[in-house]
Amino acid sequence: MTCLCFLCVSRDYDELSSIMAVCIAVIAKENYPLYIRSVPTQNELKFHYTVHTSLDVVEEKISSVGKALADQRELYLGLLYPTEDYKVYGYVTNSKVKFVIVVDSSNTSLRDNEIRSMFRKLHNSFTDVMCNPFYIPGDPIQSKAFDSMVSAMMVQAC
Amino acid sequence: MSVPDYMQCAEDHQTVLVVVQPVGIVPEEQFFRIYKRIVSVGQVSVRDSQRQLYIRYRHHYPPENNEWGDFQTHRKVVGLVAVTTCATAKEWPQTSDRFHAMKEVYGSTLYDSRLLVFGLEGEIAEQQRTDVAFYPSYDDCPDVERRVEDFVESIFIVLESKRLDRATDKSGDKIPLLCVPFEKKDFVGLDTDSSPVSLLLGVKRHYKKRCQGRMRKHVGDLCLQAGMLQDALVHYHMAVELLRSVNDFLWLGAALEGLCSSSVIFHYPGGTAGKTGARKPSVSQAADAGKRHRPGAQEVLIDPGALTTNGINADTSTEIGRAKNCLSPEDIIEKYKEAISYYGKYKNAGVIELEACVKAVRVLAIQKRAMEASEFLQNAVYINLGQLSEEEKIQRYSVLSELYEIIGFHRKSAFFKRVAAMQCVAPTIPEPGWRACYKLLLETLPGYSLSLDPKDFSKGTHRGWAAVQMRLLHELVYASRRMGNPGLSVRHLSFLLQTMLDFLSDQEKKEVTQSLENYTSKCPGGMEVITLPDGMKLPSVPFTKLPIVRSVKLLNLPVSLRPHKVKCLLGQSLSSKSPFIYSPIAMHTRGDERCKKIEFQWVRGDVCEVQLMVYNPMPFELRVENMGLLTSGVEFESLPAALSLPAESGLYPVTLVGVPRTAGNITVNGYHTSVFGVSSDCLLEGLPAVKTSGCMVEVVPSLPRLQLSTSLPRSAHPTSEDLSSSVSLQLFNGESQQLTITLENIGAENLETLELTSKTLSTKEKLLGKFLSWDLQEALSHLPLKPGQSLAIPVCIQVKLDFSGQESLLQDLNDDGISVTGLSISSPLRQVLKSRAENKTAGTEPGKSEYNHVKSLDAVLNFKYSGGAGHVEGYYRELCLGVHVDVEPSVFFTRVSTLPATSTRQCHLLLDVFNSTEHELTVSSKNNQDLLLHASECQRMAIQVDKFAFENVLVPRVEDPSVQEHFTSPRQLEEQRLHAQGRLINSTLNIHWSIPSLLRQGEATVEGVLNQLVLDHLQLAPLQWDVLVNGKPCDCDAVAEWRVGEPVTLEVRLTNHSRTAVGPFALSVVPFQDYQNGVHNYELSDTVTFIGSNTFHINTVDPTESSVYRGALLFLYTGDFYLNIKFQDDRSGRELPAAWFCLPSVHIRALESPIENGA
């Protein structure tokens, strides 16, 4: 979206080369963020917008696949949409909690499988959070374990 | 071509373009009125044929777009309608010139034109011209539509002729090459005919095919415009084949798009633009496609079969069946994709590509294939049209937003709309369009699940993405401020604060409130609904979270002001609800708990209170001003309060007050506040989190209000909550005190009735005599008491407690071994006293204080009063005054005993009086000398008293024995009797004490110390004996004198005052002489002789009767004689008390016979 220049912040490519994901978000069933984390160098709000708009595609994908094969539906939604700078991937749990991972589109080394495994890790960690009896479902996630897992995913060298 | 038409859709391919423009000075308003009327002619059924002609009107069209008219004929301006004002004939030539100049602009493509002249009348107007129409004014032009229809028909004729001309062009050898503007220079000099030598044969054939293909496509366009869908499809198919073979990609794209367009028109007769109103759905198009295939005779010429003879190689097209001509919905998309990919090869065809994308998206939206549509849109986003003006950018983003909206991607749509809004005020724009920006921002609200109605956020969890919502709200605030509408800014900022409070950081909270305060200083926020120019309504934003109210509780009036209902004889409350006294089925009224009526009542005109528990969620001190109640049902004067809540205050009680001005049912609906300059009305029904125990309460008519003051000081600590005030005082036992109670009417109503009752609170102490006594008559004479007036009621407080009951005290004091006639020898108490006598010394004892007990008495004086309208309704108020008295012992009697007096009707009462005070004290009784007692001194006083006829006291009770037997235990009966007797004795004795040093005095009572034995002694015997000597009563010490030798009549009268019959008795009279030395001489048979018997027999004497017995004595010698009257009870089984037979002894002195004197 080059045309939306006033929303974009010039990127530092050197830094991004070692970053797997630039933004990871967990979104509640009711489509509000439970957790969102982005690389600190960039405008956080931009990622809010990116993830927020990606929900349109997520919803479209769920509704189009959903009805018939609700049980066997694959959780991984694949690439939601590519922008000039980023690729947005989606994943929906059976309880309709959405995970969104934004990766830099210059990062060509990432394969679909790797994205899948990232989502799987995210899902496992999220399950751990939900198992915490002190966590109230629907509240923002403040778990340290979850946080560190996400940071690991974001800075992991390729 | 640089200006894309984002509104294009597939069916626009079948329209002809007509430009409507003003000439000269035409008021905009008038022009658009006429324009609208012209536009209404959007679809014309052409005469003589079933074909429809669709017209697309534009009031502005860039001429450079017109140059693409050969490429796609719907881009070609074929008609021009000019609107002009011409007031005088003089102006006419000039106007006419201008019209011609305008025609020049589109001259190359125009089929026909019209000029509508308004305002011109006269000679010129009368001339009949086909291309000019004259109307006297803008209001008087009835046949504009008809004129336009004629005009359209003339266009159709030209169009049809062109179509036929092209289609039947059989020349074959010379088909001109149609070009788009940017191609023109490429083909310069590429004239095949002029230089056949220079070209290879292949190139020539190639060129020819290209010409044929392009022409075929052009014919397709014309057919489509002329309403011949099937023919168009055939031509497009052929064009595709031709152009594909020569790799003429731009035109191939156009041919494919034409194919798509015609298929779309076939499949979706309703149109894809979504504006169904403009286009009449031509049902016939799809249904009658087959039949309609050849509406006119000329169409034979366009038969695909015929076309093969036209010199255009169309070997494949012959196989194309008519049904197959049309693309399937899936194919349409495929072909669009293909076309767009071909367009994409040419940088200069960006606009075409963009428009194709837009058209495809609209088709996909109809097919409900959102994902694919989004891909087309994504592609459209990246199409670079070179330098766009700001306005074009805004338009582009708006259109993208709209397209995303129609495919259901609301968030994306909102995103682009917001981008468009930001574009309106981009720093590069010299005059930022804040209004437009604001308007666009408002349109993004649904995409972010924002509604601007705080009610939507009050229930349940927060909806939507707070971070982006907050951003949007900030932008709205900023835009509205820049628009110069601070009211809007305040409203948006309030909304932000109210709904996003949980998501704001402390710093942000501070900033937001600060700017809110800045705005409200210019424009205070209120509760009114703000209506925007476009009709959107911004509901008010009450600050229900600043502060947060946790509970609302209506408070009862203070006890003294509560109204009470005079009890109705019929249990109204029972009869109204249920016939059952108790039912286990609970009334399920949980739902309307708020409407539940509260038990207590408020009174009109009195200040009523509602308690709110509030909480300040802000990290700084919150100043709430003008906080008051919102009520309905009753006129209510709310008295607003201002409060300041500390940061993160925790629950904080706030009491809101008000005065109901009329009677009825009042409902507390909510409260209003003013925070940061925004006043808000917070209704409870919108706040499910607020706990309340009911909000409706009855207001009863006004009642008077009394203020109570007393002559005695009030006690510091009221003994009970229910008491409005209380007095406490200290009294010695037996003392009395006057208390004056002043009641002042401080209300607004007259005091009409007043009742006073008292209640002694349950106490272990036995109270002797009346504690509180008063006379209300004097006070009642002042009624009705007007407001401001007061009345006084004297109340006498008298304390008489029994301190003698303290055993230990008795034991300590009975140390002197004084014989107690009152106690029988065998009394156990007596034994104890005796044994302790040795080690006690009278008077000063160190442990004095231990028996100096203080007892307390409590009573409540209860004033019931009423008046005014409330009195009529049967309400009254109660005022309670507590009276607390600490009673110190004064004097009490440690022991009582009796000594018989000389008369049988009297006796001596011996009282041991003990002064338990620390002061010197005098005791006086009815007819005795004062007795001085030092502190803690005990002395005996003797009082001669007449015996009492206790029966008289008890008479009223005895009369109804059945009642007593049934309802009172014998014990109680006995107590009552004792009590009555004690009172009688007490009042007769009338013992007073006084402490001269303190100037206090009081009564002392013996009631407590009386025992049965003493009472028996004090009782007048029920058998009353009277002895009469010679008819004179003889008693005690009186000496009856009589002469010797004369018979003395002796009369004994027995009167029975007892309750039972007595007798029979045997009575004997024995005379004796007392020698005063202890020797009684009974041997008097020779000195005294009886006349008759000396023994009487008395038969049974019934109660209240009497019997008289007479005898006579004869004294033979002088001397002092005594008569001893003895009697025997005949019936041995019955024991009557000895006191009953207390008979007087008779003393007779026999004197010398007067005969001697006389002798």
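Quantities reported herein were computed from a predicted structural model and do not represent experimental measurements. First the proteins, then the strands, lettered A, B, ... as listed; each starts at 1.
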Listed partners of A:His123 passing ring pair (Phe, Tyr, Trp, His ring centres under 6.0 Å), at least two apart: A:Tyr91, A:Phe99
Which class fits the ring pair B:Tyr448 and A:His52: parallel under 30°, tilted 30 to 60°, perpendicular over 60°? parallel
Where on A:Leu55 is there a heavy atom nearer than 4.5 Å to chain B: the side chain, the backbone, both, or neither? both
Taking side chain as C-beta onward, heavy atoms only, is A:Val51 less than 4.5 Å from B:Trp465? yes
Please find the pair of heavy atoms, one from B:Arg411 and one from A:Asp56, that lie closest to each other, and give the distance. N-OD2, 2.9 Å
From CA spacing to verdict: side chain to side chain donor-acceptor pair (under 3.5 Å), B:Arg471, A:Tyr49: CA-CA 10 Å; B:Arg471 175 76 190 205; A:Tyr49 277 113; 4.9 Å; no
In this structure, are over 12 heavy atoms from other groups packed under 6.0 Å from B:Glu391 atom CD? no
In short, salt bridge (charged side-chain N to carboxylate O under 4.0 Å, His left out) pairs touching residues 432-444 of chain B with sequence neighbours left out are B:Lys417-B:Glu443, B:Lys439-B:Glu443
Quick check against the 3.5 Å criterion: does B:Gln378 have a side-chain atom that pairs as donor or acceptor with the backbone of A:Pro82? yes
Quick check on A:Glu59 against chain B: is it the side chain, the backbone, both or neither that has a heavy atom closer than 4.5 Å? side chain
Scanning both residues in full, the closest heavy-atom pair of B:Val468 with A:His48 reads CG1-CB, 4.0 Å
